[in-house]
Amino acid sequence: MPDRKAFTRKNSAKKSSVRHREHFAQNPVYEHGVTHVSTERIRVALSTSSVYPMDVPTCFNVAHELGYDGVEIMITHNRTTQNPLLIQSEMRRTGLPVVSFHAPTLLFLPGVLDKDHWTKLRKTCDLALECGAESVVLHPPFRWQGDYAKGFVDGVRELVKETGLKIAVENMYPWRAGLREVLVYYPDWNPLDEDYDHMTFDFSHASTAGMNALETVADIQDKLAIVHLTDGSGSLRDEHLVPGRGKMPVAETLQYLAKHNWSGDVVVEVNTRLVAKKSTRTAMLKESLEFARKHLGLNEAT
């Protein structure tokens, strides 16, 4: 079990975010006029959270209409996210796979699937296996989640061995309290500090945390199973902007992954909840897909 870490520390995210932006402005790394194409499989999928609060059939419809390669299902209170027969029916109807399931480990989903945290994760894995998904995305535990938090790293590793799934722990961010950062996740909000087999990288979370996205992804490339494609402006809010509309080096990072023959799934996870018109939401998701395909070199892939 890792040593217990401090509960608060000095807030450094904003300064780090500014420093990273200035670095990329002064030292551009994007290779214009060059298209890199990974020799390995990269799929671009649509998360059900991008059409929230709509249901699973709506997500499959949008993904199929726009030309996505698959779907990631965020398990919520919505029963369609928990119904394997319905999900399998949608897969057959659209011809799209479910690339991953996102376990209901968010703060506002405490009783979804089960109140016991390990049982909840096991049920998520069962859904993934029933629907042919390769990966499960989950957040690190909160400090107050007792034995689940203390045994999380070892427990996830054992579940990977047991199921054969890529259980990919996602990078989060410290919460803010004035001039201090409150470290609510255990053992850490940053999965780089722990010995996980598989990881998920989220650009919006990285923006909120003040992380260097390109450097981080380069460090974890061999363990990176899922990229949550979004963006952030460097504010303290978890914004989930359309990629390219924020200030993160998203294009640079996708190009890096293609250049270095990464294999994995890029899942569009943008916030469309406040969008009033369906046409506007559709345009945002089309723009996100086109951004991904362009910078991953997928328009050139044969």
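Keep in mind it's a predicted model, so treat the numbers as computed, not measured.
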Indicate whether the side chain of N78 and that of T76 have a donor and an acceptor atom separated by less than 3.5 Å.
no
Test salt bridge (Lys or Arg N to Asp or Glu O under 4.0 Å) applied to R122 - qualifying residues, sequence neighbours left out
E162
Verify whether one side chain among H102 and E170 offers a donor that lies under 3.5 Å from an acceptor in the other.
yes
Ion pair check, D195 and K223, cut-off under 4.0 Å
yes
Between the side chains of H36 and E31, does any donor sit under 3.5 Å from an acceptor?
yes
Would you sort out whether S207 and E239 count as a side chain to side chain donor-acceptor pair (under 3.5 Å), showing the intermediate values?
CA-CA 9 Å; S207 174; E239 298 168 294; 4.6 Å; no
Do side-chain atoms of Q88 reach the backbone of E130 as a donor and acceptor pair under 3.5 angstrom?
yes
Determine yes or no for a side-chain-to-main-chain donor-acceptor pair under 3.5 angstrom, with T208 supplying the side chain and R237 the backbone.
yes
Report the C-alpha distance between I167 and C125 in whole Å, list the side-chain angles of each, state the deciding distance to 0.1 Å, and finish with yes or no for side-chain contact (heavy atoms from CB on, under 4.5 Å).
CA-CA 9 Å; I167 303 180; C125 291; 3.9 Å; yes
Please determine whether side-chain contact (heavy atoms from CB on, under 4.5 Å) holds for the pair V160 and Y196, giving the CA-CA distance in whole Å, both sets of side-chain angles, and the decisive distance to 0.1 Å.
CA-CA 10 Å; V160 168; Y196 298 117; over 6 Å; no
I'd like to know whether CZ of R93 has more than 12 heavy-atom contacts from other residues, nucleotides or ligands below 6.0 angstrom.
yes
Tell me if the aromatic rings of F291 and H295 count as close, with their centers under 6.0 Å from one another.
yes
Determine whether E215 and H23 make a side-chain contact, defined as any pair of heavy atoms from C-beta on separated by less than 4.5 Å.
no
Checking the side chain of T48 only, and the main-chain atoms of C59 only, is there a donor and an acceptor separated by less than 3.5 Å?
no
Does R293 come within less than 4.0 Å of E290, counting only side-chain N to carboxylate O?
no
Is it the case that one hydrophobic cluster holds both L46 and L296, taking links as side-chain heavy atoms less than 4.5 Å apart, direct or via other members?
yes
So, R245 and D231, do they make that salt bridge, N to O below 4.0 Å?
no
Kindly state whether the ring of Y256 and the ring of H260 have centres lying under 6.0 angstrom apart.
yes
Y30/H32 aromatic ring centres below 6.0 Å:
yes
Would you sort out whether M74 and T81 count as a side-chain contact (heavy atoms from CB on, under 4.5 Å), showing the intermediate values?
CA-CA 7 Å; M74 165 80 79; T81 66; over 6 Å; no
I want to know whether Y186 and F152 have ring centres closer than 6.0 Å.
no
Pick one: which of V270, N61, L285, T282 meets side chain to side chain contact (heavy atoms under 4.5 Å, CB included) with V51?
L285
Applying side chain to side chain donor-acceptor pair (under 3.5 Å) between E72 and each of S100, S50, S49, report the one that passes.
S100
Would you confirm whether N171, through its side chain, and N190, through its main-chain N or O, come within 3.5 Å as a donor-acceptor pair?
no
Ion pair check, D154 and R157, cut-off under 4.0 Å
yes
